[in-house]
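For reference, the structure discussed in these notes is given below.
Counting convention: from 1, in listed order, for ligands and their atoms alike.
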Amino acid sequence: MFTIYGYGTFNPMKVVATAEELGLEYKYVTVDLGTGENLQPEHLARHPLGKVPVLDHDGHVVFESAAICRYLANVNGKRLYSDDARQASRIDQMMDTMSIHIGRWLAVYFWEEVISPMFFSRPADAKAIADAKGWLDKQLPYIEKVLSENAFLCGKEISIADTFAFASFQIKDSTSVDLTPYPNILRWYDAMKARPAIKKADKVVFFNQK
Ligand SMILES: N[C@@H](CCC(=O)N[C@@H](CS)C(=O)NCC(=O)O)C(=O)O
């Protein structure tokens with residue numbers, strides 16, 4: 001039995017989108033970050049840093065969204081991943097590029113334009129946004145080139161790199177991130193968004209409807 005602990009944000013979306021694309025049966029449990037439920041002993045026992053998402057697979061508890069996505073693929077015949085070391089390294093490379101670089105700068109927009117005003121009554125920090133934009137202007141052309149050569153981020157088939165990255169790119173729908181200079185990223189984004197599994201994941205994570 002898979003249980004995913006999450007909240008209506010982008011890191012849990014990476015995991016739920018992966019679970020849905022794999023066609024898994026799972027239970028989704030909301031951990032309310034708004035009331036600090038993530039910092040209660042029950043959740044700290046699952047995740048020592050008090051974050052979501054967390055996966056519990058029959059008592060085997062895993063945190064960090066990338067690790068969870070790989071685990072879900074590995075225990076499901078490596079679907080959406082690969083048993084070829086070279087292809088797996090390409091998928092890992094793309095997920096790390098998203099986590100460490102591009103996803104990080106997209107998250108700045110979400111933090112500054114959505115979280116800060118909503119939860120801390122603080123306006124977006126224009127300098128933080130300008131810095132993030134500067135980095136994205138340098139880094140997004142790489143993703144645009146990748147997607148001009150293939151339908152998906154790691155080739156002709158969807159992989160966990162796509163489900164993982166899609167969740168970060170969703171930030172564009174609630175912030176001023178402008179992807180119009182990148183038609184192939186937008187083509188990929190719209191195609192991902194239209195997939196039944198992604199629509200389902202969106203409902204589960206952002207509207208709590210299983
Ligand atoms: N690198 C982690 C990031 C997890 C993370 O920061 N999750 C946020 C929600 S998207 C969270 O739990 N924040 C609560 C807090 O920091 O108190 C992952 O990918 O799982």
Identify the protein heavy atom lying closest to [atom], giving its residue, its atom name and the separation to 0.1 Å.
atom: atom 6 (O) of ligand 1; answer: Lys51 CD, 3.6 Å
atom: atom 20 (O) of ligand 1; answer: Ser65 N, 2.9 Å
atom: atom 3 (C) of ligand 1; answer: Asn11 ND2, 3.6 Å

Check whether any N or O atom of [X], backbone or side chain, sits under 3.5 Å from an N or O atom of ligand 1, and answer yes or no.
X: Lys14; value: no
X: Glu64; value: yes
X: Val52; value: yes

Item to complete: Of the side chain and backbone of Asn38, name the one, both, or neither that has a heavy atom under 4.0 Å from an atom of ligand 1.
Response: side chain

Item to complete: Measure Thr9 to ligand 1 on non-hydrogen atoms and call it side chain, backbone, both or neither using the 4.0 Å cut-off.
Response: side chain

Discussion item. Which label fits Trp111 and Phe120: parallel for a plane angle under 30°, tilted from 30 to 60°, or perpendicular past 60°?
Written reply: tilted

Worksheet item: So Phe169 and Trp188, would you call those rings parallel, tilted or perpendicular, with 30° and 60° as cut-offs?
Response: perpendicular

Discussion item. Can you tell me which residue among Lys200, Arg195, Lys199 is in a side chain to side chain contact (heavy atoms under 4.5 Å, CB included) with Glu20?
Written reply: Lys200

Item to complete: Could you tell me whether the side chain of Met94 reaches within less than 4.5 Å of the side chain of Ile143, counting heavy atoms only?
Response: yes

Practice prompt. Assert yes or no for the condition that the ring centre distance of His47 to Tyr5 is strictly below 6.0 Å.
Written response: no

Worksheet item: Tyr28 and Tyr7: aromatic ring centres closer than 6.0 Å?
Response: no

Item to complete: Report yes or no: is the cationic atom of Arg46 (NZ for Lys, CZ for Arg) under 6.0 Å from the centre of the six-membered ring of Phe63, at an angle within 45° of the ring normal?
Response: no

Item to complete: Go through ligand 1 atom by atom and flag the ones less than 4.0 Å from a non-hydrogen atom of Pro53.
Response: 20 (O)

